[in-house]
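Have a look at this one.
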Amino acid sequence: MLANSRFRFLSLSFLSLQNRIPIPSSLSFPVASLAMDASTNSTLFLCGKSSAETEIAKSLKINDALKLPNSAQASTILQSDINSFRFGEEPFNVDLFMNSLSTNRFGRFLIWSPRLPSTHDVVSHNFCELPIGAVCVADVQFKGRGRSKNGWESPRGCLMFSFTLQMEDGKIVPLVQYVVSLAVTEAIKDVCDRNGFPCLDVRIKWPNDLYLNGLKVGGILCTSTYKSKKFNVSSGIGLNVGNEKPTTCLNAALKELSSTTNEFRKEDIMASFFNKFEMLYDIFINQGFRTLEELYYRTWLHSGQRVIVQEKNDDRVVENVVTIQGLTSSGYLLAIGDDNQMCELHPDGNRYFNCAAFLAKVVTSPFCLSSVLENFPLGRKNINGVQNSVLLFYS
């Protein structure tokens, strides 16, 4: 991670330079009006890796401790009673997940639901009732959470889960999303290696998206609250495993590379994620993110990428070309201009974009920006005197 006290601080937005009409690039469908009735009762199955987690599950059920936001109805069932229920198509296999899990903390207490409004809401709303490292996973999610308060409807085939962690150093809390992203890509590699699958080159798009062959297949959302001198962090992951719509999925890419009928299983990926995350998180906490930087930079899309930064000062717009160097100590993008001046680039909300722009090679002349800018209002942040800055990737 690179740091420099002579930064300029610029807010940025990611925009497509190839299409004036937004294109779908999400891991699931945005929800304009919920297709499912949010008042329908949700069932939470409480599961544990060992007797210690099983006792926690019993206590939560006896005390009726778990609640859903907005007074939504939920019933809790113990893992021992799962076989008494009949489920729909390909429910999450709790035993398969637990048998593949080898962690000491993360993922050992599991809440599984066939259908939920949001896994993220379950863990964040019940954070203080759950053990640290608890995870909630759903087969179908109809009111998922994304950046900028976006809502998402996720069909079967998506792996959707959220888990809890607790941190004391507020300076490094923003960096944990990068550790989560890295653990997802490492987990996919691990599952490929153990099963003899062709390697899928899933890459990280800063700050929190996952891409495969130029299409978005996943995303990460980390939120936190501060209580009793600690940061309670809820981390959510969504990954297209078996659903080819609206973009693509891991199994579709695997079919293109292999003639076998083997497929990724959600349980394998989630267990491998926690196995990898626990290791990476311990390194992160004990040695800092710098120890993970080399691996992170090998996995992300942006090293050496040439971008245009527009700065609006008063009534004048100034365009500068900068080259992404890496991350700053605070987790933002570090770039250097052709004048050798360093700048730190900040995100300015969500934009629709075409990932082809992120995969583009360095070019010598910028794409015409006028048709793009008229469709996207500039941000109105004022950071160190720089207003209305927008970053656009070369096409």
Side-chain angles (χ1 to χ4, degrees), residues 42-68 74-85 87 91-116 118-139 141 159-168 176 179-180 183-184 187 190-191 222-225 227-228 230-237 265-282 285:
S42 296
T43 303
L44 306 178
F45 291 90
L46 311 183
C47 314
K49 173 75 172 176
S50 70
S51 59
E53 290 85 29
T54 301
E55 289 302 313
I56 294 173
K58 291 179 180 178
S59 176
L60 290 172
K61 177 175 173 56
I62 291 173
N63 296 302
D64 193 24
L66 299 183
K67 307 296 182 183
L68 296 184
S75 57
T76 54
I77 308 293
L78 296 179
Q79 181 178 0
S80 56
D81 296 324
I82 286 182
N83 292 334
S84 302
F85 290 80
F87 304 105
F92 188 86
N93 190 323
V94 174
D95 290 335
L96 178 60
F97 166 73
M98 290 296 183
N99 290 337
S100 301
L101 188 70
S102 59
T103 61
N104 294 318
R105 290 165 292 159
F106 294 103
R108 296 178 63 90
F109 182 82
L110 170 73
I111 302 171
W112 165 60
S113 179
R115 176 180 171 275
L116 267 182
S118 166
T119 63
H120 204 87
D121 282 348
V122 171
V123 298
S124 60
H125 194 70
N126 297 283
F127 195 100
C128 294
E129 306 294 335
L130 298 172
I132 299 302
V135 58
C136 179
V137 62
D139 294 339
Q141 180 175 262
L159 172 59
M160 301 154 291
F161 65 99
S162 302
F163 68 100
T164 65
L165 60 146
Q166 200 167 58
M167 304 176 68
E168 296 182 0
V176 75
V179 183
V180 174
V184 175
D190 177 62
V191 173
C222 293
T223 61
S224 67
T225 58
K227 184 177 182 179
S228 301
K230 291 185 179 180
F231 291 89
N232 297 334
V233 181
S234 302
S235 297
I237 295 94
R265 296 183 298 191
K266 294 183 291 183
E267 299 85 354
D268 289 337
I269 294 176
M270 194 169 92
S272 182
F273 165 81
F274 283 115
N275 296 340
K276 293 293 183 180
F277 178 78
E278 186 163 281
M279 176 190 67
L280 295 171
Y281 182 73
D282 286 343
I285 293 298

Practice problem: State which residues pass ring pair (Phe, Tyr, Trp, His ring centres under 6.0 Å) with Phe85; sequence neighbours excluded, sorted by chain then number. | Solution: Phe45
Exercise. Could you tell me whether the side chain of Val179 reaches within less than 4.5 Å of the side chain of Phe277, counting heavy atoms only?
Key: yes
Quiz item: For Asp81, what residues pass the side chain to side chain donor-acceptor pair (under 3.5 Å) criterion, not counting sequence neighbours?
Solution: none
Quiz item: Roughly how far apart are Ser118 OG and His125 NE2, rounded to 0.5 Å?
Solution: 11.5 Å
Quiz item: Listed by chain and number, what are the salt bridge (Lys or Arg N to Asp or Glu O under 4.0 Å) partners of Glu55, not counting sequence neighbours?
Solution: Lys58
Practice problem: Rounded to the nearest 0.5 Å, what's the gap from CD on Glu168 to OG on Ser228? Could you check? | Solution: 11.5 Å
Quiz item: Is any side-chain heavy atom of Asp95 closer than 4.5 Å to a side-chain heavy atom of Met98?
Solution: no
Exercise. Using the test side chain to side chain donor-acceptor pair (under 3.5 Å), find all partners of Asp64 that sit at least two apart in sequence or belong to another chain.
Key: Lys67
Quiz item: Is Leu110 close to Phe92 at the side-chain level, that is, under 4.5 Å between some pair of heavy atoms?
Solution: yes
Quiz prompt | Taking every non-hydrogen atom, the tightest pair across Ala65 and Asn126 | solution = O-OD1, 3.7 Å
Exercise. Determine whether Asp268 and Leu96 make a side-chain contact, defined as any pair of heavy atoms from C-beta on separated by less than 4.5 Å.
Key: yes
Quiz item: Does Met167 reach the side chain of Tyr281, with side-chain heavy atoms less than 4.5 Å apart?
Solution: yes
Quiz item: Checking side chain to side chain contact (heavy atoms under 4.5 Å, CB included) against Thr119, which of Ser234, Ser162, Ser113 comes through?
Solution: Ser162
Quiz item: Once you round to the nearest 0.5 Å, how far does CD1 of Ile285 lie from CG of Leu280?
Solution: 12.0 Å
Exercise. Find out whether Trp112 and Phe97 are in side-chain contact, i.e. whether some heavy atom of one side chain is under 4.5 Å from a heavy atom of the other.
Key: no
Quiz prompt | For Asp282, all residues meeting salt bridge (Lys or Arg N to Asp or Glu O under 4.0 Å), sequence neighbours excluded | solution = Arg105
Quiz item: Who are the side chain to side chain contact (heavy atoms under 4.5 Å, CB included) partners of Ile56, not counting sequence neighbours?
Solution: Leu60, Phe109, Pro131
Quiz item: Taking only residues two or more places apart in sequence, or in another chain, which ones meet Gln166 in a side chain to side chain contact (heavy atoms under 4.5 Å, CB included)?
Solution: Phe127, Ile132, Lys230, Asn232
Quiz item: Residues in side chain to side chain donor-acceptor pair (under 3.5 Å) with Asn104, at least two apart?
Solution: none
Quiz item: What distance do Ser100 atom OG and Asn93 atom CG have between them, rounded to the nearest 0.5 Å?
Solution: 9.0 Å
Quiz item: Is Val122 close to Ser42 at the side-chain level, that is, under 4.5 Å between some pair of heavy atoms?
Solution: no
Quiz item: Got Thr76 and Ile111 here, is their nearest side-chain heavy-atom distance under 4.5 Å?
Solution: no
Self-check item: From CG (Asp139) to NZ (Lys266), nearest 0.5 Å
Solution: 5.0 Å
Self-check item: Verdict with supporting geometry, Leu130 and Cys136, side chain to side chain contact (heavy atoms under 4.5 Å, CB included)
Solution: CA-CA 11 Å; Leu130 298 172; Cys136 179; over 6 Å; no
Quiz prompt | Distance, nearest 0.5 Å, that separates CG of Leu46 from CD of Glu53 | solution = 12.5 Å
Practice problem: Please list, chain by chain and in numerical order, all residues satisfying side chain to side chain contact (heavy atoms under 4.5 Å, CB included) with Ser80, sequence neighbours excluded. | Solution: Leu78
Exercise. Identify, with sequence neighbours excluded, every residue that meets side chain to side chain contact (heavy atoms under 4.5 Å, CB included) alongside Thr103.
Key: Leu101, Arg108, Phe274, Asn275, Glu278
Practice problem: Please list, chain by chain and in numerical order, all residues satisfying side chain to side chain donor-acceptor pair (under 3.5 Å) with Asp190, sequence neighbours excluded. | Solution: Arg194, Ser272
